[in-house]
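Below you'll find the structure, written out as structure tokens, and then a few comments.
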Amino acid sequence: MKKFILVFVTLITAVSWGQNEYELNRDAETNRVQYQGVIENSGLSKAELYKLGIAYFESKGMKLDFQDESLGRVVTEATFSTIGKNNAYSKAYHYNFSCELTVEFKEGKTRYTFDNFMKKSSPGEPGSTLETFIENYQPKISSQKNRDRQAKMLDDIEIDIDSQIGDMIVDLKKQFGTEGESDW
């Protein structure tokens, strides 16, 4: 019995080492990182919102991968970076991420969806999914102190990604109206 308890405690301790505490917004069904919301502006028609969307993405210099006025849909790629500073305990890092940003329009409503997050090493490269990056983020570590430091670094990366997405959402709300609680 003592051996069983010792093995159990050892396994629990090993599993809990280096666990990151911050979690990005994940879809409950797919477990993929995804952000979605509805912005209401009852004063504008679907066509007016669509034109506002095209103008918005052009002003931001974002290339449209798909646009269809009859469907009321625009798809583009949103990109952002995370940069960590070099310190006495760890090296600096610079990761580039992208995601598919789909904006859909209805009468008086705009829905945004950030999905298909990818970590990119260089432009044009297919990259790996953000979920794979997070799951496999296990740099070589030699002590509990290093494990904690690496877990904090992953938390910092996730917080930075979440913050940049939040900034994009605020920008979309300024362009299209206020966020609502209504169904799409």
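All residue numbers in this chain count up from 1 along the given sequence.
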Taking atom types as modelled and ignoring hydrogens, do the side chains of D160 and S163 form a donor-acceptor contact shorter than 3.5 angstrom? no
Are Y35 and M62 joined in one hydrophobic group, where the rule is that I, L, V, M, F, W and Y side chains link up if heavy atoms are under 4.5 Å apart? yes
CG-OG distance between N96 and S81, expressed to the nearest 0.5 angstrom: 4.0 Å
Indicate yes or no: at least one non-hydrogen side-chain atom of K119 is less than 4.5 angstrom from one of Y95. yes
Are D171 and K173 close enough for a salt bridge, meaning some N to O gap below 4.0 Å? no
In Å and rounded to the nearest 0.5 Å, what is the CZ to CD distance from F66 to E100? 10.5 Å
So CD1 of I157 and CG of D162: to nearest 0.5 Å the spacing works out to 13.5 Å
Looking at K109 and E40, is any side-chain nitrogen of the basic one under 4.0 Å from a carboxylate oxygen of the acidic one? no
Verdict with reasoning, V74 to Y50, per side chain to side chain contact (heavy atoms under 4.5 Å, CB included): CA-CA 8 Å; V74 175; Y50 179 82; 3.7 Å; yes
Side chain proximity check, F80 to C99, heavy atoms < 4.5 angstrom: yes
Could you go through N25 and V33, starting from their C-alpha distance and side-chain angles, then the distance that decides it, and tell me whether this counts as side chain to side chain contact (heavy atoms under 4.5 Å, CB included)? CA-CA 6 Å; N25 191 33; V33 175; 5.7 Å; no
Look at the side-chain heavy atoms of Ile, Leu, Val, Met, Phe, Trp and Tyr, link any pair under 4.5 Å apart, and say whether I54 and V75 land in one connected group. no
If you define the side chain from C-beta out and look only at heavy atoms, does anything of R32 sit under 4.5 Å from N116? yes
Quick one: does any side-chain atom of E58 pair with a main-chain N or O of A55 as donor and acceptor, under 3.5 Å? no
Does V38 offer a backbone N or O that forms a donor-acceptor pair with the side chain of R111 under 3.5 Å? no
If we ignore hydrogens and angles and just use 3.5 Å, is the side chain of D115 paired with the main-chain N or O of Q34 as donor and acceptor? no
Is the shortest distance from a Lys or Arg side-chain nitrogen in K46 or E107 to a carboxylate oxygen in the other one below 4.0 Å? no
Within the distance-only criterion (no hydrogens, no angle test), does the side chain of E69 pair as donor or acceptor with the backbone N or O of A47 below 3.5 angstrom? no
May I ask you to test the L52-N41 pair for a side-chain heavy-atom distance under 4.5 Å? no
Can you confirm if the aromatic rings of F176 and Y112 lie within a centre distance of less than 6.0 Å? no
Rounded to the nearest 0.5 Å, what's the gap from CD on Q67 to CZ on R73? Could you check? 13.5 Å
Is the shortest heavy-atom distance from the side chain of T102 to the side chain of E104 under 4.5 Å? yes
Start with the C-alpha distance between L24 and L130, add both sets of side-chain angles, then the distance that settles side chain to side chain contact (heavy atoms under 4.5 Å, CB included), and finish with yes or no. CA-CA 10 Å; L24 292 170; L130 178 59; 3.6 Å; yes
State the CD1-CD distance between I159 and Q164, to the nearest 0.5 angstrom. 12.5 Å
Walk me through it: do F105 and E48 pass the test side chain to side chain contact (heavy atoms under 4.5 Å, CB included)? CA-CA 9 Å; F105 306 96; E48 291 171 319; over 6 Å; no
Roughly how far, to the nearest 0.5 Å, is CD1 of I134 from CZ of F117? 9.5 Å
Any donor-acceptor N/O pair, T76 side chain to K63 backbone, under 3.5 Å: yes
With the 4.5 Å side-chain cut-off for hydrophobic clustering, are L172 and I165 part of the same group? yes
4.5 Å side-chain heavy-atom contact, T113 and L101: no
